[in-house]
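Report on the following structure.
First the proteins, then the strands, lettered A, B, ... as listed; each starts at 1.
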2 protein chains.
Amino acid sequence: MNTAAPSPDAVETGFLDQAEASCRSRGASLTPIRRLVLALLLRHPRGLKAYDLLERIKADKPGASPPTVYRALDFLIEQGLAHKVGRMNLFVACSQHCHQAQMPGLFLVCPRCNGVTELQDDAVMGALAASLAAAGHQLESPEVEIGAVCPACRAAP
Amino acid sequence: MNTAAPSPDAVETGFLDQAEASCRSRGASLTPIRRLVLALLLRHPRGLKAYDLLERIKADKPGASPPTVYRALDFLIEQGLAHKVGRMNLFVACSQHCHQAQMPGLFLVCPRCNGVTELQDDAVMGALAASLAAAGHQLESPEVEIGAVCPACRAAP
DNA sequence: GCAGCAGTGCAATGTTATAACATTGCGATT
DNA sequence: AATCGCAATGTTATAACATTGCACTGCTGC
């Protein structure tokens, strides 16, 4: 239809294909179910709950059950393609390159709208890592989740 | 028994009394149930799950039910006396002075042993706050929870 | 063929949290 | 004293989130 710019669908498909390749390179496979879950997460940047996801999956796969979703999510999280927002039992796609970059990233979770923003700030992360190291601790994962009210919700209280 | 140093019980009671006073000064009251929950949390620095707490409360209050616990926890959290570890659905007493200091504090949560360490690092927190502000966000709460392997667990894998 | 394994379907269950409504206890007002 | 108002608590049920265990399928290498 449109050759001037890639359509959103094309962007999504591109991302999925890339994710698939990246999985394969690690000996894992992005099966249809997993790909579907990832696609759903990509389409909902605010994140989705496991059971919302389940409802949506059922449209394609009527037999889907909780384990279907959780298994797919575990896989995606293992592969660095998705994250769980602990606070809210919310899952989001890691649409950014945080898993490509070596530097850990910040996840800003808005408690009002559930929006998740990924923020890259090497100065902060460097300071944080240094401080943890000084205390003998070691960052668990490259994603640090922080509760912070987003600009939109700050403006409209 | 021992007049040379305060016993652990005395320390705990002192802390509870202090908490009670602090609540009263804000027009809230640390009722027996709430005090009991706080005491249990203090005795378990690794944190407790809501239903573990419930079991223990039942020893004193056989009629206790889930809402009993959750209401007490909500209250304690509101008052800055306890904190929920989102990741693990774990509740810990805020034994430190993080609620007295103006500066937000870091909560280091070890994913292996569930231990929670409170860390005060103004440089990191300052940098973090500045970075968030630059992105238009605002820290939600003065407690920032971070998954980090603790020294003990790092030493003994 | 068929042993082994990753992925999936399915049922049951476990765990965490809240809704909804009734009741109690206590200080203030009349 | 009777009543009201209000915070806290009791009680029941259920919603929401997550896992376990086992059976089955389809593939890959022998």
Side-chain angles (χ1 to χ4, degrees), chain A residues 19-20 23-38 40-41 44 47-79 81-92 109 111 114 145, chain B residues 19-20 23-38 40-41 44 47-79 81-92 109 111 114 145:
Chain A
E20 189 157 354
C23 285
R24 202 182 335 262
S25 78
R26 271 166 291 183
S29 74
L30 191 68
T31 62
I33 291 183
R34 293 166 179 172
R35 188 175 171 121
L36 174 56
V37 170
L38 181 53
L40 286 168
L41 291 180
H44 296 267
L48 283 171
K49 304 244 193 184
Y51 278 60
D52 291 343
L53 224 27
L54 179 54
E55 283 315 299
R56 290 170 206 271
I57 290 173
K58 278 183 173 166
D60 273 40
K61 300 240 165 192
S65 61
T68 312
V69 177
Y70 284 106
R71 287 196 281 233
L73 287 171
D74 286 348
F75 175 86
L76 294 175
I77 290 169
E78 249 172 35
Q79 297 296 316
L81 294 168
H83 300 295
K84 172 173 182 171
V85 180
R87 263 194 75 66
M88 311 239 113
N89 302 316
L90 211 59
F91 299 85
V92 296
V109 184
N114 290 353
E145 184 187 318
Chain B
E20 190 157 353
C23 284
R24 201 180 337 262
S25 78
R26 270 166 293 184
S29 74
L30 191 67
T31 62
I33 291 183
R34 293 165 178 173
R35 187 175 172 119
L36 174 55
V37 170
L38 181 54
L40 287 168
L41 291 180
H44 296 268
L48 283 170
K49 304 248 195 182
Y51 279 62
D52 292 343
L53 224 26
L54 178 54
E55 283 315 299
R56 290 171 206 272
I57 290 173
K58 277 183 175 166
D60 272 38
K61 299 241 164 193
S65 61
T68 311
V69 178
Y70 283 105
R71 288 197 279 235
L73 288 170
D74 286 348
F75 175 86
L76 294 175
I77 290 168
E78 249 172 33
Q79 297 296 317
L81 295 167
H83 180 65
K84 171 172 181 175
V85 180
R87 265 194 78 65
M88 310 239 122
N89 303 315
L90 212 57
F91 298 85
V92 296
V109 183
N114 291 352
E145 183 187 320

Could you report the tightest heavy-atom contact between A:Ala72 and A:Val37, atom names first, then the distance? CB-CG2, 3.7 Å
Whole-Å gap separating P (C:dT15) and CG (B:Asp52): 10 Å
Determine whether the aromatic ring of A:Tyr51 stacks with the base of D:dC17, defined as ring centroids separated by less than 5.5 Å and ring planes inclined by less than 30°. yes
What distance separates B:Asp74 CG from B:Arg34 CZ, expressed to the nearest 0.5 Å? 10.0 Å
Contact under 4.0 Å: B:Lys61 side-chain N or O vs D:dT9 OP1/OP2: no
Just how far, in rounded Å, is P of D:dG10 from CG of B:Asp60? 12 Å
Hey, is the side chain of B:Lys49 poking within less than 4.0 Å of OP1 or OP2 on C:dT16, counting only N and O atoms? yes
Expected list for residues 62-76 of chain A near DNA chain D, using heavy atoms below 4.0 Å, is A:Pro66, A:Pro67, A:Tyr70, A:Arg71
Could you tell me the separation between the CZ atom of A:Arg35 and the P atom of C:dG7, rounded to a whole number of Å? 16 Å
Here the distance between atom C1' of C:dG9 and atom NZ of A:Lys58, to the nearest Å, is 13 Å
May I ask you to test the A:Val85-A:Phe91 pair for a side-chain heavy-atom distance under 4.5 Å? no
Closest heavy-atom contact between B:Pro111 and B:Met88? O-CE, 4.2 Å
With respect to the phosphate group of C:dA6, does any side-chain polar atom (N or O) of A:Thr31 fall under 4.0 Å of OP1 or OP2? no
To the nearest Å, how far apart are B:Ile33 CD1 and D:dT11 P? 11 Å
Given atom CG of B:Leu30 and atom C1' of D:dA8, what is their separation to the nearest angstrom? 13 Å
Whole-Å distance separating the CZ atom of A:Arg24 from the P atom of C:dA6: 17 Å
For the backbone of A:Glu145 and the side chain of B:Glu145, can you confirm whether one donor and one acceptor N or O come within less than 3.5 Å of each other? no
Residue pair A:Leu53 / A:Leu73: nearest heavy atoms and the distance that separates them: CD2-CD2, 3.9 Å
Using the side-chain heavy atoms of B:Asn89, tell me which of these nucleotides is nearest: C:dG7, C:dT16, D:dC17. C:dT16
From the options B:Thr31, B:Leu30, B:Asp60, select the one residue that forms a side chain to side chain contact (heavy atoms under 4.5 Å, CB included) with B:Leu36. B:Asp60
Rounded distance (Å) that lies between atom P of D:dA16 and atom CD of A:Glu55: 11 Å
